[in-house]
2 protein chains.
Amino acid sequence: MSTIGDVAKQAGVSRSTVSYALSGKRAISDETRTRIEAAINELGFTPNAGARALKTAQTMVLGLLLQFHPDEFAPAMLQYVLPVSEAAREEGYDILMVTDPDGPRGIRRIADSDMVDGIVLLDVTAQDPRLDALRATRKPAALIGLPRDTAGLDVIDLDFGEAARILVDHLQELGHREIVLICPPHHVVERGGSYVWRFRDSAIERAARYGLQIHPYYGESRQPAIRHSVDAILDAHPKATALVVHNDATIAALPAILRERGVDVPTDLSVVSLYSRDFGEEFSLPFTAVESAADVLGRSAVTQLVRRITRSPDAGAPVVRFVPPVLTDRGSTQHPRR
Amino acid sequence: MSTIGDVAKQAGVSRSTVSYALSGKRAISDETRTRIEAAINELGFTPNAGARALKTAQTMVLGLLLQFHPDEFAPAMLQYVLPVSEAAREEGYDILMVTDPDGPRGIRRIADSDMVDGIVLLDVTAQDPRLDALRATRKPAALIGLPRDTAGLDVIDLDFGEAARILVDHLQELGHREIVLICPPHHVVERGGSYVWRFRDSAIERAARYGLQIHPYYGESRQPAIRHSVDAILDAHPKATALVVHNDATIAALPAILRERGVDVPTDLSVVSLYSRDFGEEFSLPFTAVESAADVLGRSAVTQLVRRITRSPDAGAPVVRFVPPVLTDRGSTQHPRR
DNA sequence: CCTCATCGTCGAACCGGTTCGAAAGCCGTG
DNA sequence: CACGGCTTTCGAACCGGTTCGACGATGAGG
């Protein structure tokens with residue numbers, strides 16, 4: 001690879017002149033600029049990222065931390081990765097993806113060695129052990145997922161409470177009086193996934209307010225447990241006229257399960273859920289649902305992070321943003337027959 | 001952040017001594033080593049990656065290039081990403097993930113600016129436009145997927161031809177005489193996904209050799225087209241006793257489709273397929289299948305790449321490796337009733 | 001006792017950019 | 001004609017590491 005010195009020699013100017021021609025931070029005469037550009041093309045010069053980062057103290061790279069939990073629905077993660085990567089690129093950043101099972105160590109490694117200008121944390125839990133490491137480094141960060149203590153952190157997440165209220169309201173308006181709620185698996189709660197209880201509590205609270213009967217359950221994440229659990233739950237509540245599913249694995253398996261049981265949607269049962277548009281298309285899910293909008297969250301986290309990086313170091317108070325959910329009606333609900 | 005100079009001052013030695021204590025490339029007395037270690041701990045020093053990369057001309061980062069094709073089964077990609085990332089970390093490398101829709105540009109950007117020491121290309125097609133860019137940079141690379149021209153490149157892929165032969169052999173041994181073959185969608189062929197015709201041609205060739213009737217089709221990637229296409233195909237061949245499916249989206253939807261048609265596996269129809277173990281577990285697919293072994297391919301690509309990076313520049317001829325497929329019998333086949 | 005090898009450490013150069021201060025050349029003006 | 005100001009370019013310092021050659025101290029061998 002050629003260096004800026006090679007270009008300078010070729011164009012008959014000094015290294016600094018080439019640098020200024022490239023950055024535009026000082027005026028360069030048209031004549032020398034064209035000579036420099038010619039030299040750059042001829043030599044195929046591209047500035048060395050390491051050297052530039054060393055001097056400017058900016059790497060133009062963002063860290064993306066993800067953790068894969070065994071026994072969890074993996075495709076969901078990808079929903080976030082792609083929008084984050086695309087948004088970063090649009091802002092001029094590349095993505096250093098860290099999947100170290102030891103999250104805090106991964107953060108320290110890329111932050112303390114200044115490999116990245118900022119960090120996006122995916123799937124943040126209530127007491128996420130990564131947050132201590134994150135606060136110890138002085139790097140800007142944006143979280144997707146709500147921790148218990150948000151002090152000093154930029155956080156973005158779907159408003160799961162509002163999502164639950166929207167769905168319960170929708171069923172209540174249609175006249176349903178007894179509904180079943182299937183949440184994510186219980187081990188997600190244990191891990192501290194706050195979206196589980198934020199959705200769950202709001203749904204229960206909202207149902208109580210309307211005087212609706214609601215039967216909350218934690219679902220499963222793998223077949224054949226999903227099928228068995230759904231069967232048992234539906235058997236236990238023959239009078240329920242509506243089903244709220246907040247569980248990707250369950251909703252993906254639901255069409256087959258209901259078909260087998262001979263249950264028609266929405267004639268026999270109204271079904272509402274919460275999943276992303278992509279996910280729904282992937283599995284052609286025919287359910288009225290609130291969109292989880294992973295792309296909105298991913299992009300928003302990146303823009304917030306970039307703002308934090310560029311606008312002075314600590315300018316502005318930390319931002320906790322809850323994205324308002326949107327209902328997409330796919331016709332999987334109607335008035336209860338009874 | 002503190003620098004190596006701060007550590008040196010704190011420990012009362014020169015910068016070079018600290019560097020040697022860290023790298024172990026020269027002997028350091030126990031006495032000063034402990035003093036240096038104390039200083040490092042006290043100051044929380046971590047070497048700056050950019051500075052180190054600048055001098056050593058090694059970034060300890062691998063580029064991972066992926067492209068998302070609309071209308072394609074996205075989860076498949078993740079199967080490779082995680083093993084690649086884990087294998088890289090075990091070798092001491094981090095992963096710079098590039099999802100630029102313009103592949104060649106992404107390669108040039110990270111390679112010419114020396115952000116990475118080597119590149120892993122995912123989902124390589126027969127005439128992949130990224131290969132020219134790759135050859136232009138002098139960076140080592142490893143491809144997953146078989147291009148038409150492998151000159152000078154390290155390539156690894158599943159032996160799809162052998163996979164097809166294994167499956168056809170399996171059915172032939174059981175006594176099947178008429179089988180249906182569902183391949184990936186036709187637009188994958190147009191894009192140059194060589195694994196389509198490598199599997200397809202081998203299956204047809206093998207069937208012909210045994211005198212079996214085989215009906216090859218290109219499948220769909222999205223519902224409800226999948227369902228319609230499978231229905232039409234099965235209707236067209238009522239005498240076929242076995243089904244070979246080389247199509248993730250189709251195989252995922254197949255249990256529901258067959259149940260609806262009232263077709264029992266394996267009593268009415270023997271089914272074999274090709275998918276990864278994870279994928280099968282995710283969707284609890286009950287089919288005898290050849291494993292696509294994305295983890296093996298991903299890890300193998302990384303180890304080959306690292307070998308190429310560390311062992312001198314161009315030591316050793318390029319390697320094209322076909323991973324032998326393995327059949328997992330899940331009991332979805334039996335002797336045809338007729 | 002002198003020489004020589006070895007050990008442990010230091011200073012300086014270097015990697016490839018960026019950026020600051022200054023200098024050279026040119027113009028218009030008093 | 002001297003002077004000030006503007007434009008364009010250069011040289012040098014710097015970012016934070018690594019590495020080479022050298023140097024003083026120590027100990028062994030003749």
Side-chain angles (χ1 to χ4, degrees), chain A residues 1-37 39-40 43-61 92 109-117 137-138, chain B residues 1-37 39-40 43-61 92 109-117 137-138:
Chain A
M1 278 310 305
S2 51
T3 74
I4 200 172
D6 301 334
V7 173
K9 201 176 301 172
Q10 174 94 2
V13 295
S14 74
R15 298 195 302 148
S16 53
T17 303
V18 176
S19 179
Y20 283 123
L22 238 35
S23 68
K25 292 190 178 174
R26 279 194 189 177
I28 299 289
S29 69
D30 287 349
E31 197 263 335
T32 57
R33 162 172 293 111
T34 53
R35 220 154 12 101
I36 289 172
E37 281 166 3
I40 288 177
L43 297 171
F45 165 74
T46 307
N48 178 291
R52 176 173 283 178
L54 182 55
K55 178 64 188 183
T56 63
Q58 275 201 71
T59 62
M60 299 309 284
V61 173
R109 181 160 42 77
I110 65 171
D112 293 349
S113 64
D114 275 326
M115 299 180 83
V116 298
D117 295 337
T137 85
R138 297 300 296 155
Chain B
M1 279 309 306
S2 50
T3 73
I4 200 171
D6 301 334
V7 174
K9 202 177 301 173
Q10 173 94 1
V13 296
S14 72
R15 298 195 300 149
S16 54
T17 304
V18 177
S19 178
Y20 285 123
L22 238 35
S23 68
K25 292 190 178 174
R26 281 196 187 176
I28 300 288
S29 70
D30 287 350
E31 197 263 334
T32 58
R33 162 173 293 111
T34 54
R35 226 159 1 107
I36 288 172
E37 280 166 3
I40 287 177
L43 296 171
F45 166 74
T46 308
N48 177 291
R52 177 172 282 178
L54 181 55
K55 178 64 189 184
T56 63
Q58 276 200 72
T59 62
M60 299 310 282
V61 173
R109 180 159 44 78
I110 67 170
D112 293 350
S113 64
D114 276 324
M115 300 179 81
V116 298
D117 294 338
T137 86
R138 298 299 297 154

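For the numbers below, each heavy atom of this structure counts, side chains included, while hydrogens, waters and symmetry mates do not. Computed from a predicted model, the values in this text were never measured in an experiment. First the proteins, then the strands, lettered A, B, ... as listed; each starts at 1.
Distance CD1 (Ile36(B)) to P (dT9(C)): 7 Å, rounded to an integer number of Å. Between Lys9(B) atom NZ and dC10(C) atom P there is a gap of 14 Å when expressed in whole angstrom units. In this structure, the CZ atom of Arg35(A) is 11 Å from the C1' atom of dT9(D), given to the nearest Å. At whole-Å resolution of the value, CZ in Arg33(A) and C1' in dT7(D) are 13 Å apart. The CG-P distance, from Leu22(A) to dT18(C), rounds to 7 Å in whole Å. Rounded to an integer number of Å, the gap from CD of Gln58(B) to C1' of dT19(D) is 15 Å. Rounded to whole Å, atom P of dC15(C) lies 18 Å from atom CG of Asn48(B). Rounded to whole Å, atom P of dC10(D) lies 19 Å from atom NZ of Lys25(A).
Side chain Arg15(A) to base dG11(D): no donor-acceptor pair is found below 3.5 Å. For Arg52(B) against dG16(D), no side-chain N or O and base N or O form a donor-acceptor pair under 3.5 Å. A donor-acceptor contact under 3.5 angstrom links the side-chain atoms of Ser16(A) to the base of dG11(D). Under 3.5 Å, the side chain of Arg26(A) and the base of dT9(D) form at least one donor-acceptor pair of N or O atoms.
Under the side-chain contact (heavy atoms from CB on, under 4.5 Å) rule, Met115(B) has a single partner from Thr59(B), Ile110(B), Val61(B), which is Ile110(B).
Closest approach of Thr137(A) to Asp112(A), counting heavy atoms only: CG2-OD1, 3.8 Å. Nearest approach of Phe45(A) to Leu22(A), heavy atoms of both residues: CE2-CD2, 3.7 Å. Here the closest heavy-atom approach between residue Ala39(A) and residue Gln10(A) is recorded as CB-CG, 3.4 Å. For Asp117(B) against Met60(B), the heavy-atom pair with the smallest separation is OD2-N, 2.7 Å. The two residues Ile28(A) and Tyr20(A) make their nearest non-hydrogen contact at CD1-CB, 4.0 Å.
For the pair Thr32(A) and dT9(D), the criterion of a side-chain N or O lying under 4.0 Å from OP1 or OP2 is met. Distances shown here put every side-chain N or O of Lys55(A) at or beyond 4.0 Å from the OP1 or OP2 atom of dG16(C). Listed pair Ser29(B) / dT9(C) meets the phosphate criterion, a side-chain N or O lying under 4.0 Å from OP1 or OP2. Thr3(A) has no side-chain polar atom (N or O) that falls below the 4.0 Å cut-off from OP1 or OP2 of dG16(C). A close approach under 4.0 Å does occur between a side-chain nitrogen or oxygen of Ser14(A) and OP1 or OP2 of dC10(D).
Summary of the strand contacts: Ser23(B) and Ala51(A) both lie near DNA chain D, and taking for each the nucleotide with the nearest heavy atom, the more 5' one is attributed to Ala51(A). Each of Tyr20(A) and Asp30(B) was assigned the nucleotide of DNA chain C with the nearest heavy atom; the assignment lying further toward the 5' end belongs to Asp30(B). For Pro47(A) and Val13(B), each mapped to the nucleotide of DNA chain C holding its nearest heavy atom, the one lying further toward the 5' end belongs to Val13(B).
For Ile4(A), whose side chain is taken as the heavy atoms from C-beta onward, the closest listed nucleotide among dT9(C), dT18(C), dG17(D) is dT18(C).
Ser19(A) comes within contact range of at least one nucleobase, with a heavy-atom separation under 4.0 Å.
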